[in-house]
Novice: 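Quick one: the structure is below, and I'll ask about it shortly.
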Amino acid sequence: MEVANESTTKKPKRLTSVVWNHFERVKKADICYAVCVHCNKKLSGSSNSGTTHLRNHLMRCLKRSNYDVSQLLAVKRRKKENTLTIANIAYDEGQRKDEYMKPTIVKYEQDQRKDEAFNLGSSWFDPERSRLDLARMIILHGYPLAMVEHVGFKVFVKNLQPLFDVVPNSSIELSCVEIYLKEKQRIYDMVSKLQGRINLAVEMWSSPENSKYVCLTAHYVDDEWKLQKKTLNFLTLDSSHTEDMLSEVIMKCLLDWDIDYKLFAMAFDDCLTNDDIVPRIKDRISENRPRLSNGQLLDVRSAAHILNSIAQDAIEALQVVIQKIRGSFRYVKSSQPILVKFNEIAQQHGINNHKSLVLDCPIRWNSTYMMLETAVEYRNVFHHFPDLDPDLALSGEEWERTSSITSYLKLFVEIINVVSGNKCPTANIYFPEICHVHIQLIEWCKSSDGLLCSLATKMKAKFDKYWSKCSLALAVAAILDPRFKMKLVEYYYSQVYGSTALERIKEASDGIKELFNAYSIYPTLIDQGSASPGSSLPSSSNDTRDRLKGFDKFLHETSQSQSSISDLEKYLDEPVFPRNCDFSILNWWRVHTPRYPILSMMARDVLGTPMSTVAQEFVFNAGGRMLDSSRSSLTPETQQALICTRDWLRTQSDDAMPSSGHYALPLYVEAN
């Protein structure tokens, strides 16, 4: 109850409830009062009265005064004796749930500047910062923009911070675009300062509505010799776009980012992509940059996609068998007695692994492989299972073919897992894996089974087209691995090419020499208008009026006989580096840059080439990348903003992730 103002005397007793941060407890005669420090109203302060009436008053009083009162909604907790600050308190996962962190009274001014920096230790609530934080959360985690309209989300936010007005869907969309533009400028500035070249991965997407998109991602080794990638563009291709126009779309993006003169290689996700795209782009790009004269290093195709494609061929050849196996699995799992009987027969045939009969997910072909592998292991059990429908039974020939094709799929799964599971997938790791596939395809084509031979021939035809485009790039990357150099190329080419191996080995040797000579002529590589800050390397002009461009080449050619030995010759003549599991090729080249100054710059660009363009979580997808319905319904500008910015923010989030299990403080704490 409220009482009239009277003269008071403070009682020096320490009080434990949070509400006493907003009241003075005074005593007159034998009666205790609680005086509100905000409005000077007096309420009963007796220990028998509790604090509920004080809380209720504060809720009314503070709301009228535009203060943050969200923490007063919490249940009474133990008050800390010392003031808490951001600097000296860290949240621990093991922190007791009943520990109380003293809240700060937070006041919000309507005319507060929107761009004012937010300080956790200050007493100001910044709604603009909270709005942008919400937008970043939606971008980072791929949440639908419509979540801000969900009733449950609105209730949660209102209880968490009553002063924050949840913005509508359209406003949060604008916030996302705002963040995108700021982050894009940051990425642009960073890319413009790179010393090395950039490799561009081109990946096609689709949507449930059959819309087509192209995603452009830059891959490069940064100045700290770390492999990086950044999504640059996500563009909607309308029905008027053809493959002939795709080169113009890509070229426009390169010019917008001002990286056309930095382009080293382009990686496409499909071997069937129009072969004219790359030549058109070459014609538009400055000629003053190192690459092979025939451009083979500029045009590579995704290793994961070719393996996916030939794996699909293998599964397609077994479609009838796969349907029978699915039916057999369903029957055995249809009742517990049937499953028990199946397991008993398995034990009689010495099969004790008790592997579950798991049906595959048709859009994930590795799950089909695992189902087939399980079926092959239980082959004798299915053969002797009396109650199985005869229509589901496999003949001996079908079992043999299933076993063979399953072994093919096993190889593809193992190789994809090796390359996609590598945390630093530099270009050198692909050559031995792809060569092993090549050797196996040659062997499979020799099968006496007509169906298997026909299947292997079909798979090899696809693989040969990939190999013709990428073999030189793969070999050059392998040669730049100090553990292998030319020896690995010699080892695999002798198995792949047999009597013509020496000719192919010479092609790889000539290819890397040709590329090195180009780097020797233009040692600055990228910033051909000016030398980079702190660089001792000379610069080559990008001006078409430079009359001394030919002199650079003349000087290189006439000086070769005078120089003792080149970087490349020195590198190839020295012994290979011992193989070990802790080897980091990028670190090796970083350390050996002073010894091989020109070759190391070439190695940085070659090793950064994306020999596979598929994200790890999508490597086994039967179809291509799909844009979900919540994104495909947005405007093309918003789609690009969300997808590109998510990639950029995720990179920042990974870099900033703390190694310990400690997390940030609650938002409001008392300032010193």
Side-chain angles (χ1 to χ4, degrees), residues 304-334 338-339 342-343 345-347 349-385 387-421 433 436-437 440-441 443-445 447-460 462-463 618-623:
H305 276 84
I306 186 60
L307 293 177
N308 265 322
S309 180
I310 59 180
Q312 294 294 325
D313 291 339
I315 289 176
E316 181 64 28
L318 278 182
Q319 274 305 308
V320 174
V321 170
I322 288 173
Q323 293 298 333
K324 290 182 178 181
I325 290 175
R326 286 172 180 157
S328 299
F329 276 31
R330 291 191 185 98
Y331 173 73
V332 173
K333 298 172 64 176
S334 63
I338 296 177
L339 182 59
F342 182 87
N343 289 331
I345 297 176
Q347 290 181 355
H349 286 82
I351 303 175
N352 298 312
N353 57 14
H354 295 295
K355 183 177 287 188
S356 300
L357 303 181
V358 179
L359 286 168
D360 66 328
C361 174
I363 63 172
R364 300 276 295 178
W365 67 263
N366 63 321
S367 69
T368 304
Y369 153 71
M370 289 186 285
M371 182 185 72
L372 293 174
E373 185 182 49
T374 301
V376 170
E377 290 185 23
Y378 285 111
R379 170 180 175 175
N380 289 332
V381 182
F382 282 112
H383 182 69
H384 292 88
F385 200 64
D387 300 330
L388 188 65
D389 188 337
D391 292 338
L392 299 178
L394 271 63
S395 67
E397 184 180 49
E398 286 177 321
W399 277 118
E400 290 300 326
R401 288 174 176 172
T402 302
S403 179
S404 296
I405 293 177
T406 300
S407 68
Y408 301 172
L409 295 174
K410 180 179 181 181
L411 174 64
F412 302 150
V413 168
E414 289 175 348
I415 290 178
I416 290 178
N417 283 333
V418 167
V419 296
S420 66
E433 306 296 343
H436 189 63
V437 173
Q440 291 302 311
L441 284 171
E443 291 299 315
W444 296 342
C445 287
S447 174
S448 58
D449 186 306
L451 185 145
L452 295 180
C453 181
S454 175
L455 170 62
T457 302
K458 180 181 179 180
M459 293 192 295
K460 191 174 183 302
K462 284 186 177 180
F463 180 87
F618 301 106
V619 290
F620 295 110
N621 277 16

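All of these numbers come straight from a predicted model, not from anything done at the bench.
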Novice: By the definition side chain to side chain contact (heavy atoms under 4.5 Å, CB included), identify the one residue from Leu455, Leu451, Thr457, Asp449 that meets it with Cys453.
Specialist: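 The side chain to side chain contact (heavy atoms under 4.5 Å, CB included) with Cys453 is passed solely by Thr457 among Leu455, Leu451, Thr457, Asp449.
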Novice: Can you give me the closest heavy-atom contact between Leu394 and Lys324, atom names plus distance?
Specialist: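 That would be CD1-CB, 3.7 Å.
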Novice: Taking all atoms of both residues into account, what is the closest heavy-atom pair of Ser328 and Phe382, and its distance?
Specialist: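 Nearest pair, atom of Ser328 first, then Phe382: CB-CE2, 3.6 Å.
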Novice: Can you list everything that forms a ring pair (Phe, Tyr, Trp, His ring centres under 6.0 Å) with His384? Sequence neighbours excluded, please.
Specialist: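 For His384, the residues satisfying ring pair (Phe, Tyr, Trp, His ring centres under 6.0 Å) (neighbours in sequence not counted) are His349.
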Novice: Once you round to the nearest 0.5 Å, how far does CG of Leu452 lie from CD of Glu400?
Specialist: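 One gets 10.0 Å once the value is rounded to the nearest 0.5 Å.
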Novice: Test your reading of the model: is there a side-chain donor-acceptor pair from Ser309 to the backbone of Ile306, 3.5 Å cut-off?
Specialist: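 Answer holds: no.
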Novice: Is a donor on one side and an acceptor on the other found under 3.5 Å between the side chain of Lys333 and the backbone of Leu357?
Specialist: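 Checked: pair present.
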Novice: Looking at side-chain heavy atoms only, is the closest gap between Leu359 and Met371 below 4.5 Å?
Specialist: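 Yes, at least one pair of side-chain atoms sits under 4.5 Å.
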Novice: Scan for salt bridge (Lys or Arg N to Asp or Glu O under 4.0 Å) pairs involving residues 307-318, sequence neighbours excluded, and state none if there are none.
Specialist: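 Of all non-adjacent pairs touching residues 307-318, those that pass salt bridge (Lys or Arg N to Asp or Glu O under 4.0 Å) are Asp313-Lys458, Asp313-Lys462.
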Novice: Rounded to the nearest 0.5 Å, what separates atom CE in Met370 from atom CG in Asp360?
Specialist: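 Taking CE in Met370 and CG in Asp360, the distance rounds to 9.0 Å.
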Novice: Going from CG on Asn343 to CD1 on Ile351, what distance comes out if it is rounded to the nearest 0.5 angstrom?
Specialist: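 Taking CG in Asn343 and CD1 in Ile351, the distance rounds to 10.0 Å.
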Novice: List in chain and number order the residues that pass side-chain hydrogen bond (donor to acceptor under 3.5 Å, both in side chains) with Gln319, two or more places apart in sequence or in another chain; answer none if no residue qualifies.
Specialist: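 Per chain and number, Gln319 pairs via side-chain hydrogen bond (donor to acceptor under 3.5 Å, both in side chains) with no residue.
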Novice: Thr374 versus Val358: any side-chain heavy-atom pair under 4.5 Å?
Specialist: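 No, their side chains stay 4.5 Å or more apart.
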Novice: Just jot down the side chain to side chain contact (heavy atoms under 4.5 Å, CB included) partners of Arg364, sequence neighbours excluded, or say none.
Specialist: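 In terms of side chain to side chain contact (heavy atoms under 4.5 Å, CB included), with neighbours along the sequence ignored, Arg364 is linked to Cys361, Asn366, Ser367, Phe620, Asn621.
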Novice: Rounded to the nearest 0.5 Å, what separation is found between the CD atom of Glu414 and the CD atom of Glu433?
Specialist: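 Glu414 atom CD to Glu433 atom CD measures 9.5 Å (nearest 0.5 Å).
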Novice: Compile the donor-acceptor pairs under 3.5 Å between side chains in residues 406-413 and protein atoms, sequence neighbours left out, one pair per line.
Specialist:
unit_1, atom_1, unit_2, atom_2, d
Thr406, OG1, Thr402, O, 2.6
Ser407, OG, Ser404, O, 2.4

Novice: For a 4.5 angstrom cut-off between non-hydrogen side-chain atoms, does Leu392 reach Gln323?
Specialist: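 Counting from C-beta outward, Leu392 and Gln323 never come under 4.5 Å.
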Novice: Any side-chain to backbone donor/acceptor pair from Ser403 onto Trp399? Under 3.5 Å, distance only.
Specialist: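 No.
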Novice: Minimum heavy-atom separation for Ile416 to Trp365, with atom names?
Specialist: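 Heavy-atom minimum between the residues: CD1-CZ2, 3.6 Å.
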Novice: Is the backbone N or O of Ser395 less than 3.5 Å from a side-chain atom of Glu398, with the two atoms forming a donor-acceptor pair by type?
Specialist: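 Between the backbone of Ser395 and the side chain of Glu398 there is a qualifying donor-acceptor contact (under 3.5 Å).
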Novice: Run the numbers on Glu443 and Lys460 for salt bridge (Lys or Arg N to Asp or Glu O under 4.0 Å), then give the verdict.
Specialist: CA-CA 11 Å; Glu443 291 299 315; Lys460 191 174 183 302; over 6 Å; no
Novice: Compare every heavy atom of Met459 with every heavy atom of Ala314, then report the nearest pair and how far apart it is.
Specialist: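 In this case the closest contact between Ala314 and Met459 is CB-SD, 4.3 Å.
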Novice: Phe385: what forms a ring pair (Phe, Tyr, Trp, His ring centres under 6.0 Å) with it, not counting sequence neighbours?
Specialist: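 Per chain and number, Phe385 pairs via ring pair (Phe, Tyr, Trp, His ring centres under 6.0 Å) with Phe342.
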Novice: What's the spacing between Leu372 CG and Ile325 CD1 if we round to 0.5 Å?
Specialist: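 It comes to 5.0 Å.
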Novice: Would you compute the distance between atom CD of Gln440 and atom CD1 of Ile415 and round it to the nearest 0.5 angstrom?
Specialist: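 Gln440 atom CD to Ile415 atom CD1 measures 8.5 Å (nearest 0.5 Å).
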